[in-house]
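The block underneath contains the structure these notes are about, expressed in structure tokens.
In the text below, chain A, chain B and the rest are named by the order of the sequence lines, each starting its count at 1. Note that the structure is a prediction, hence the values are computed from the model and not measured.
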Amino acid sequence: ETGVTQSPTHLIKTRGQQVTLRCSSQSGHNTVSWYQQALGQGPQFIFQYYREEENGRGNFPPRFSGLQFPNYSSELNVNALELDDSALYLCASSSGSGEGYTFGSGTRLTVV
Amino acid sequence: RKEVEQDPGPFNVPEGATVAFNCTYSNSASQSFFWYRQDCRKEPKLLMSVYSSGNEDGRFTAQLNRASQYISLLIRDSKLSDSATYLCVVNSRNSGYALNFGKGTSLLVTP
């Protein structure tokens, strides 16, 4: 059984650019959620996808968007990057019942 | 006010000590409760779920008080390998089961 994999592991972007982060969910999981973790903070919920539809969103602006594909993998897109977007971005997959979240090792994004 | 509040920490304790972490949550509709552990620059990993009746896993004991909206984690006989950040997490069906994390409490166990 493969776990959650994220790519890339590290990324440096310039303010104003756009970025796409990728996540492959754990086998058998149909729900993917994304979290942003700034230094010294707990992860903050960005949004969640269930069967290719967004079914929950945290307090993030529209320039944070996502997709989920038929194989349940997912992308997080961030447009017009700002310095405060520098963080660890975590993807978690689950079976959608509220238990059993598995996190990927994250993508560390630095915006300069 | 954040939905999930934790002890500010950090906690520095000697090996063998008992340490307790506390957490409060504001959403009375919260349904599931967890403690996650996060090592430096790594992803969070589930330590244990927390049930109303309280539950124990080896040296770790978790308690939930729904009336007070309070969650606790007790670690007995601390080991050096327990050094990490402990995250209190809640979720609810009406938020699509999205995980709501506290800020985390840092624990350093010293020889």
Within the supplied structure, the quantity of interest is the number of heavy atoms (other residues, nucleotides, ligands) at a distance under 6.0 Å from [X] [atom1]; does it exceed 12?
| X | atom1 | answer |
| --- | --- | --- |
| Leu108(B) | CG | yes |
| Asn59(A) | CG | no |
| Arg15(A) | CZ | no |
| Lys103(B) | NZ | no |
| Leu83(A) | CG | yes |

Quiz item: Hey, does the side chain of Tyr35(A) reach the backbone of Leu99(B) with a donor-acceptor pair shorter than 3.5 angstrom?
Solution: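 Yes, Tyr35(A) side chain to Leu99(B) backbone: donor-acceptor pair under 3.5 Å.
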hydrophobic_cluster_shared for [Y] and [X], side chain cutoff 4.5 Å:
| X | Y | value |
| --- | --- | --- |
| Leu67(A) | Tyr49(A) | no |
| Phe45(A) | Tyr89(A) | no |
| Val32(A) | Val78(A) | yes |
| Leu107(B) | Val4(B) | yes |
| Tyr72(A) | Tyr50(A) | no |

Quiz item: Between Leu46(B) and chain A, which part of the residue has a heavy atom less than 4.5 Å away: side chain, backbone, both or neither?
Solution: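 Leu46(B) has no heavy atom closer than 4.5 Å to chain A.
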Quiz item: Of the backbone (N, CA, C, O) and the side chain (C-beta and beyond), which part of Gln6(B) lies under 4.5 Å from a heavy atom of chain A, both, or neither?
Solution: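 For Gln6(B), there is no contact with chain A at all, as no heavy atom is under 4.5 Å.
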Quiz item: Mind checking whether Tyr101(A) and Val89(B) have side chains closer than 4.5 Å, heavy atoms only?
Solution: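 No, too far: nothing below the 4.5 Å cut-off.
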Quiz item: How long is the gap from CD on Glu43(B) to OG1 on Thr102(A), to the nearest 0.5 Å?
Solution: 10.0 Å
Quiz prompt | Straight-line distance of Gln44(A) CD to Asn100(B) CG, nearest 0.5 Å | solution = 7.5 Å
Exercise. Counting only heavy atoms closer than 4.5 Å, note whether Gln48(A) contacts chain B via side chain, backbone, both or neither.
Key: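 Contact with chain B is through the side chain of Gln48(A) alone.
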Practice problem: Identify the residues of residues 103-112 of chain A whose heavy atoms come closer than 4.5 Å to a heavy atom of chain B, ordered by number, or report 'none'. | Solution: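 Answer by number: Phe103(A), Gly104(A), Ser105(A), Arg108(A).
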Quiz item: Sequence neighbours excluded, which residues qualify as side-chain contact (heavy atoms from CB on, under 4.5 Å) partners of Asn55(B)?
Solution: Met48(B), Val50(B), Tyr51(B), Ala62(B)
Self-check item: side-chain contact (heavy atoms from CB on, under 4.5 Å) against Arg66(B), all qualifying residues, sequence neighbours excluded
Solution: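 Applying side-chain contact (heavy atoms from CB on, under 4.5 Å) to Arg66(B) gives Tyr25(B), Phe33(B), Ser52(B), Leu64(B).
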Self-check item: When Pro43(A), Ser33(A), Gly40(A) are compared by non-hydrogen pairs under 4.5 Å with chain B, the top option
Solution: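 Of Pro43(A), Ser33(A), Gly40(A), Pro43(A) has the most heavy-atom pairs under 4.5 Å with chain B.
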Self-check item: Distance-only side-chain donor-acceptor flag, Gln37(A) / Gln38(B), under 3.5 Å
Solution: yes
Self-check item: Part of residues 14-22 of chain B lying next to chain A, heavy-atom separation under 4.5 Å
Solution: none
Quiz prompt | Nearest non-hydrogen partners of Leu90(A) and Pro44(B), listed with the distance | solution =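 Here Leu90(A) and Pro44(B) meet closest at CD1-CD, 3.7 Å.
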